[in-house]
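In what follows, a structure is listed as structure tokens, so that the remarks can point back to it.
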Amino acid sequence: MAIKFNTKVLSLLLVLIVTFSLLLVQSQCHTKYQEEQEEEEEKTAEESLFECFVTCSRHRQNDHELTDCEQRCVKQYQETKKQEGQEGSRRHGGGGGEGTVENHHREDEPAAQRFKQCQSRCGKQEQGQQRQYCQQKCQWEYEKQKREEEQQHGGGRGGGDPTNAKKESKEEEKQQRQNPYFFDSQRFDSKYRTEQGHIKILERFSKNSDLLQGIENYRLAILEANPNTFVLPHHCDAESVFLVVGGRGTISYVWEKQRKSYNLKSGGVLWVPAGSIVYLTNNDDNERLYILKLLQPVNTPGKFKEYFGVGGENPESFYSSFSNEILEAAFNTQSEKLQRLFGQQSKGVIIKASKEQIRALSQESESSPRGRREKESSSWGPIDLLNERPVFSNEFGQYFEASPNHYQQLRDLDVSVLLVNITKGAMVAPYYNSKSTRLVFVVGGSGYFEMACPHLANAKGKHGSQGRKERQGEIITDVHYQKVSARLSVGDAFVVPAGHPIAIVASQDSNLQLAGFGIKASHNQKYFLAGQENIWNEVQSEAKELAFRVPAREVEEIFRSQEQSYFMPGPGQKGKGQRHVASILDFVGF
Amino acid sequence: MAIKFNTKVLSLLLVLIVTFSLLLVQSQCHTKYQEEQEEEEEKTAEESLFECFVTCSRHRQNDHELTDCEQRCVKQYQETKKQEGQEGSRRHGGGGGEGTVENHHREDEPAAQRFKQCQSRCGKQEQGQQRQYCQQKCQWEYEKQKREEEQQHGGGRGGGDPTNAKKESKEEEKQQRQNPYFFDSQRFDSKYRTEQGHIKILERFSKNSDLLQGIENYRLAILEANPNTFVLPHHCDAESVFLVVGGRGTISYVWEKQRKSYNLKSGGVLWVPAGSIVYLTNNDDNERLYILKLLQPVNTPGKFKEYFGVGGENPESFYSSFSNEILEAAFNTQSEKLQRLFGQQSKGVIIKASKEQIRALSQESESSPRGRREKESSSWGPIDLLNERPVFSNEFGQYFEASPNHYQQLRDLDVSVLLVNITKGAMVAPYYNSKSTRLVFVVGGSGYFEMACPHLANAKGKHGSQGRKERQGEIITDVHYQKVSARLSVGDAFVVPAGHPIAIVASQDSNLQLAGFGIKASHNQKYFLAGQENIWNEVQSEAKELAFRVPAREVEEIFRSQEQSYFMPGPGQKGKGQRHVASILDFVGF
Amino acid sequence: MAIKFNTKVLSLLLVLIVTFSLLLVQSQCHTKYQEEQEEEEEKTAEESLFECFVTCSRHRQNDHELTDCEQRCVKQYQETKKQEGQEGSRRHGGGGGEGTVENHHREDEPAAQRFKQCQSRCGKQEQGQQRQYCQQKCQWEYEKQKREEEQQHGGGRGGGDPTNAKKESKEEEKQQRQNPYFFDSQRFDSKYRTEQGHIKILERFSKNSDLLQGIENYRLAILEANPNTFVLPHHCDAESVFLVVGGRGTISYVWEKQRKSYNLKSGGVLWVPAGSIVYLTNNDDNERLYILKLLQPVNTPGKFKEYFGVGGENPESFYSSFSNEILEAAFNTQSEKLQRLFGQQSKGVIIKASKEQIRALSQESESSPRGRREKESSSWGPIDLLNERPVFSNEFGQYFEASPNHYQQLRDLDVSVLLVNITKGAMVAPYYNSKSTRLVFVVGGSGYFEMACPHLANAKGKHGSQGRKERQGEIITDVHYQKVSARLSVGDAFVVPAGHPIAIVASQDSNLQLAGFGIKASHNQKYFLAGQENIWNEVQSEAKELAFRVPAREVEEIFRSQEQSYFMPGPGQKGKGQRHVASILDFVGF
């Protein structure tokens, strides 16, 4: 019985052991599989990276696009990985996420407080437009910071949905991809910032779109300096064109061993050759000085640096890169003295200057003009753009341009400099540039532009010929235009490529003021697509009839309806009362 | 007993259970492993992708090559994946493959039927050479389609072996890789096609070989328009040079706000500046108009687009990219009227025109020539290449070239335009261009070329210095030339890089007629390597003796044997009877 | 009982079976897991490749950098794989490693023996500087070989630590990455080598750093030919500038169908147009001929080849790339004769020539000068750099430059040619070029340079703006300079980019002699940062005071301390006795 019992118990035990063991084995297998499964999820992330790469290579049109596309793949991969990592740490009892957010929070001072500080700084500026611009910037900074805070807290607009911010940024990203020609003011990076001003540089044009590869060796920068300040002497490994877009100052540079100093105000243009030591002052007691710069690097495509000989804690001096032995020998001076000379500056590259210093530095002059240079000085000196006859001008706007066809100092760079003022509520008629690409910066007011781009349409494969099978006798066409548009406000920049039809509209509230540069500008033509100067006027009426498939009379009737040229009333302005006439003086004063 | 029996049964059961369970577990493990194994096969595909990448990076010479090589990796990977997919679906009882082939089959109309249609279209053309060209194209289309059908059915040449087509295409691909300088007519993509003609564009030169990177910003296009047709007005974001290679027509374009219209026939050359609105007519009642175009994009390297203001269903008008508000304001006209104006065209970019319209549009003229332009018009107008004295000419061929050294309109682009006629059975003696790269299009006849390329030889690592260890005192050399050759027939294109020795031979049946463009053409020299104008004549005899290690007398005897210069009898032509003399008139007439 | 026993036994058996089975299953699972684990290690290699890619893309600034970074990833990956492979083969009982090393050992002749041979070759050269240069090279070759041997044997400096060599090379690699501007003589690849001389070409500048992308289409080469030798006629698909840096010879080339022959000695400069057939002789009985060449490829950026018409076994003749039919037709000569003509040369591209041949070939001449060329010959002929007035000169050094501003033959290439001689113990004061990048080759002596580079500093992310969060009101700056320095000895090359401050110091023992080329040289300015010609002299004293934050008096006192300009006593030379004055004649004689 005992045995029987034993047998039974043993059997039962065996069954239990066996099943348990089996379960154990299975569970072990299973556990390992689960782990693997999770790893496989990671592998899946990698696999999808692969597939993404493959997709990229399938749709790619050139090497750069591939890399661009691949970059997006990698971004996606990183995000997946990151999410997995977060999930992983959560599984492992992670927590502390709140703390991280807290930390982030603590890092940032409350946006509102900063806004007030910013506003009070603006209050010190007396003149209207200046102050307005300053306040606009404060507002923008405030909004940007709030946006960032909201994203960090997962709150704000999304009403508690933590994925919202992400979705939004994706939407923004998408729009950006759709419009590689627009750069909002956030895309200027602060390269230098002190209490007295800053220098910001727009990201590389080719960074986000291969369509801008052609202008990859041009960079846009903006310098802002407070009243009564001094920008330390430095040189760049880039050719520069300076355009004063606000305030007034004295720019000095040394070229071919001579110093030249020029007093410039809004609309002043100056070519500063690569390698020239340049320094400048804001001479005004109230206004900030704003200079828009076009830079063309001479060493590495799209890359340039500033070189400061003076320095210390901030900026660093390039002299300090040399060994003491070399410096001692070069200056025939003891190391201690030199360390003092090259180590005192700590205020950054834009510093406060005394009235006396400003006065001494604002003497317009060309030091020791000799021989050849003397004669040439006029043709190499600054250009006063607003003193020129505007290329187009009427009550709806003015357009000023200094072209390399007329100015020798712009010939080597083949660059033109332009200022546009569109009266509030008015617009520039649709037009295109024959061969020049324009880099435009919004200096004042607000508005929007609309542009037709066939490259973008095809790059996205919507109507691309790639995917289409060619069939005998069938009518096929490759033509499609992507509408590209963006709201414009102060500090934004946009690119108008050659051949692309564009219209620019000023808001109802304020004149839209644009400053910019034309690349490959010599012999460029502006062709208007509406208005009295419509390019279609030159096309024979038989050709128009054939082309439009509408009686020539009808075509011409429509083309004659607009009495204005270049600048004209914008959308919804027709029949409105007496317009505010924007004069050149308005423009100068901004 | 019952218990005993039970025990036995129980034991047996246990054994069964245990073994079954074990088997189960094992099989589970196994099943999972199998799955994994299969996944591992996929991983292997990825691993080999990796290894391929690694190999690429090991042999790479520059960034572009890497990407090119990587692309091949990805292609391989995709194919492996695809095969796996197919295997997978087969395993899963896939089938339906027949159906897919069927569908493919049904999609294509029988090639023979199309061939007849094509032939009958040609029959409408009266003139001999025109019809011949047309028929040649029908033939080619037919052969291409048959080839495609064969590949789809796995039949044809391969005699039922389904892998044959693939092998062949691999072979072709390989040959292509060996000859990146030749582009058969299939590599022109139809960008626009209507019943009345089409515009085809050759793929980007740098697409398949980094060796063509230097000409990446040049594109070749061919426009064909039926008799009595009109090409809609448009502009391009590219500089263009037009060369009429068949028929006659009127080209109008608007530049600097003036229209210029020129009647051109075979050999007519015209520079059309970037951004100019251009439209043209085929004035002839019988002949098609053929225009070869060289395009140099101004926005993005290697990329350009056409911009059509007119349009509707086909082509799209760029005006339709603007919002109604902007258009209404720009034209001071109601939206409905504008929609009609920009919405009527649906026939595509090349349309039929009436006799009256053609007559009106074919008036040669320059509208409102004023001041500067009037004087310059002669130096900016069209060039009649066949009216010039040929650069080289004898009974075996003629060579015409318009060089930027002599024509101002070609100076900015630094491009020359050329026409070559090689008498049937004759050849161009081996020669090379000192600094210009030539883009050549076969306009008539057939033949072949042979070229020596040292770059290709080394790129393939055959005799590369890369793999070779340098040893003290040993004689090493890096010189090896890859022979590059291709049969030429109408519609093909090829590139002759600077410095590369090349010989071109016309077939026995017909004159070989070439048209093309020279890049970086100013001050280019053509150096002949045989014939009376052999460049070796300028080398001192001591140098020849040292170089050839053959007595100078012997060298010079050989170099004197050929009495002709430039053009001469081709292979197997020696001692043949009176040659057909190809006159310039022959050439004009093609 | 039996049954009971049976039951017990059975049960026991069952337990045994079960546990065994379980163990089996487990072990099976385990074994498979182990295998997998190992595979996973491999996967880890791939995963880390991925992560590396990801990291690359995160820090990347442009496409090229990505690829550069990726390349490093791949290298790492390869090494990991290789190690795994070695481990694998070890596990599999591999062995044989010793043998491999042995084989390597046997492959190399003892370095010492070669050194002796090399030395004895030098002994044949009579003149002092020549012999010194030759011996220096032997020494260097010897050291290089010893280093290699040590690395192969894991011995030498490392004292038996086999990882040492690797560590060292990693350190070297790191330094190289820190200094992409320096190229030691090993980085010239032998393209051609015979008993009578060789042609070496420096690797592509952009190979290791994107910062040199801007000069990617320039290559540096050095030709060395023994006394009484002949370099075979050839042409290049590159524009060339020749600079004789040692010995004397006759260079002949054919351009526009005329031969030109010039006798050149040290300091002689000659532009050889792309595609020109060129050949040359070393006319001297004792001295080797050294020619430094700058090449600017005309076909593919950064790539060029030599084309030899003459040839046989070595070099190959490009004529042999043509089919026999074409050659027979072209030369109107039978194939056998042609094979003889193009098949005799086997001695390589630099061969011995007899006194008579040399004499005949060294006749200075321009064959058949006609019309235009005759007049121009002076402005296209060679430049004798050492016969010009030096740009700077004092007892501490001389600087000669032929600039495109003054020499028409250098205008198209926009290149200048330079020779610098720094007296032993002296230095060039810190200076920078305003817009030109200099490619410099060390011709004689030794020394070092120090340079400040802001690009490098940021590329490495040390002080980059990338990682820094921008905060309102905070002082930020992007300025940091990486100190770049290298020891210089004969045969090394270095690049001085525009804008970069540099100082160059000669060793105590010998004059440092540099030869080189300036890219984008027209209107370049040299700005000195110390000495009497200090560019700071042109900066107003108020600006200096503001910039240095030191009283102007103090700044100017320091700047006045150095009485010399351009060249001055180097570190540790102050107060030393009468200097050795390096005269121009010294320079000529090297």
Side-chain angles (χ1 to χ4, degrees), chain A residues 3 7 10 14 18 21 25 29 32 46 64 67 71 74 78 114 189-194 230 232-233 235 237 254 256-257 259 274-275 277 279 298-301 303 305 307-310 314-316 318 321-323 325-326 329-333 337 341 344-345 348-349 353 357 360-361 367, chain C residues 4 7 11 14-15 18 22 25-26 29 33 50 53-54 57 63 66 211 213-214 427 429-430 432 434-435 437 450 452 454-455 465 470 472 475-481 483 497-499 501 503 525 527 529-530 535 538-540 542-543 546-550 555 558 561-562 569-572:
Chain A
I3 291 163
T7 316
L10 194 76
L14 266 171
V18 166
S21 307
V25 170
C29 276
K32 278 176 182 165
E46 273 131 30
H64 286 270
T67 331
Q71 214 182 350
V74 167
Q78 283 174 294
R114 284 200 193 156
D189 272 339
S190 262
K191 215 168 172 182
Y192 305 99
R193 171 176 289 185
T194 77
F230 176 70
L232 301 192
H235 71 270
D237 49 358
V254 182
E256 297 193 352
K257 287 163 200 164
R259 178 175 57 82
I277 288 190
Y279 53 94
V298 295
N299 275 325
T300 313
K303 287 184 185 171
K305 293 284 172 189
Y307 298 73
F308 290 88
V310 298
N314 181 4
E316 194 175 317
F318 58 67
S321 289
F322 292 101
S323 58
E325 305 90 76
I326 281 192
F331 289 100
N332 194 22
T333 299
K337 276 193 178 179
L341 183 63
Q344 294 304 303
Q345 191 54 266
V349 306
Q357 287 166 327
L361 291 170
S367 76
Chain C
K4 272 180 196 172
T7 316
S11 305
L14 267 170
V15 171
V18 167
L22 288 173
V25 170
Q26 249 185 319
C29 276
Y33 270 107
F50 260 124
F53 273 152
V54 171
S57 76
D63 296 348
L66 176 61
L211 293 173
Q213 251 181 277
M427 66 186 261
Y432 65 90
S434 68
K435 60 182 281 270
T437 290
E450 288 187 3
H455 291 278
S465 62
E470 188 183 320
Q472 185 77 12
I475 296 175
I476 63 165
T477 178
D478 201 8
V479 184
H480 178 67
Y481 309 92
K483 177 180 172 169
Q525 297 291 316
Y527 291 127
L529 296 161
I535 188 73
E538 297 294 325
V539 174
Q540 291 145 292
E542 292 84 0
L546 271 163
F548 286 103
R549 282 170 65 84
V550 162
V555 177
I558 290 176
S561 298
Q562 177 55 268

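In the text below, chain A, chain B and the rest are named by the order of the sequence lines, each starting its count at 1. FYI, side chains are in, hydrogens and waters are out, and symmetry mates aren't considered; it's all heavy atoms of this structure.
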> Atom NE2 of C:His455 and atom CG of A:Asp237: how far apart are they, to the nearest 0.5 Å?
Replying inline: 3.5 Å
>> Donor-acceptor pair, distance only, cut-off 3.5 Å: does the side chain of A:Gln345 make one with the backbone of C:Ala547?
In response: yes
> Do you know the tightest heavy-atom contact between C:Met427 and A:Ala329?
Replying inline: SD-CB, 3.7 Å
> With a 4.5 Å limit on heavy-atom distance, are the side chains of A:Tyr279 and C:Val539 in contact?
Replying inline: yes
> Do C:Thr437 and A:Asn299 touch side chain to side chain, with heavy atoms closer than 4.5 Å?
Replying inline: yes
> Rounded to the nearest 0.5 Å, how far does OH of C:Tyr481 lie from CZ of A:Phe308?
Replying inline: 6.5 Å
> Is the C:Tyr432 ring parallel, tilted or perpendicular to the A:His235 ring (thresholds 30°, 60°)?
Replying inline: parallel
> Which pair of heavy atoms, one from A:Phe318 and one from C:Leu529, lies closest together, and at what distance?
Replying inline: CE1-CD1, 3.5 Å
>> If I take atom CD from residue A:Gln357 and atom CD from residue C:Glu542, how far apart are they, to the nearest 0.5 angstrom?
In response: 7.5 Å
> Taking C:Glu450 for the side chain and A:Ile326 for the main chain, is one N or O donor matched with an acceptor at less than 3.5 Å?
Replying inline: no
> Once you round to the nearest 0.5 Å, how far does CD of C:Glu538 lie from CD of A:Glu256?
Replying inline: 11.5 Å
> Can any side-chain N or O of C:Gln562 pair as donor or acceptor with the backbone N or O of A:Ala330 at less than 3.5 Å?
Replying inline: yes
> In Å and rounded to the nearest 0.5 Å, what is the CD1 to OG1 distance from C:Ile558 to A:Thr333?
Replying inline: 5.5 Å
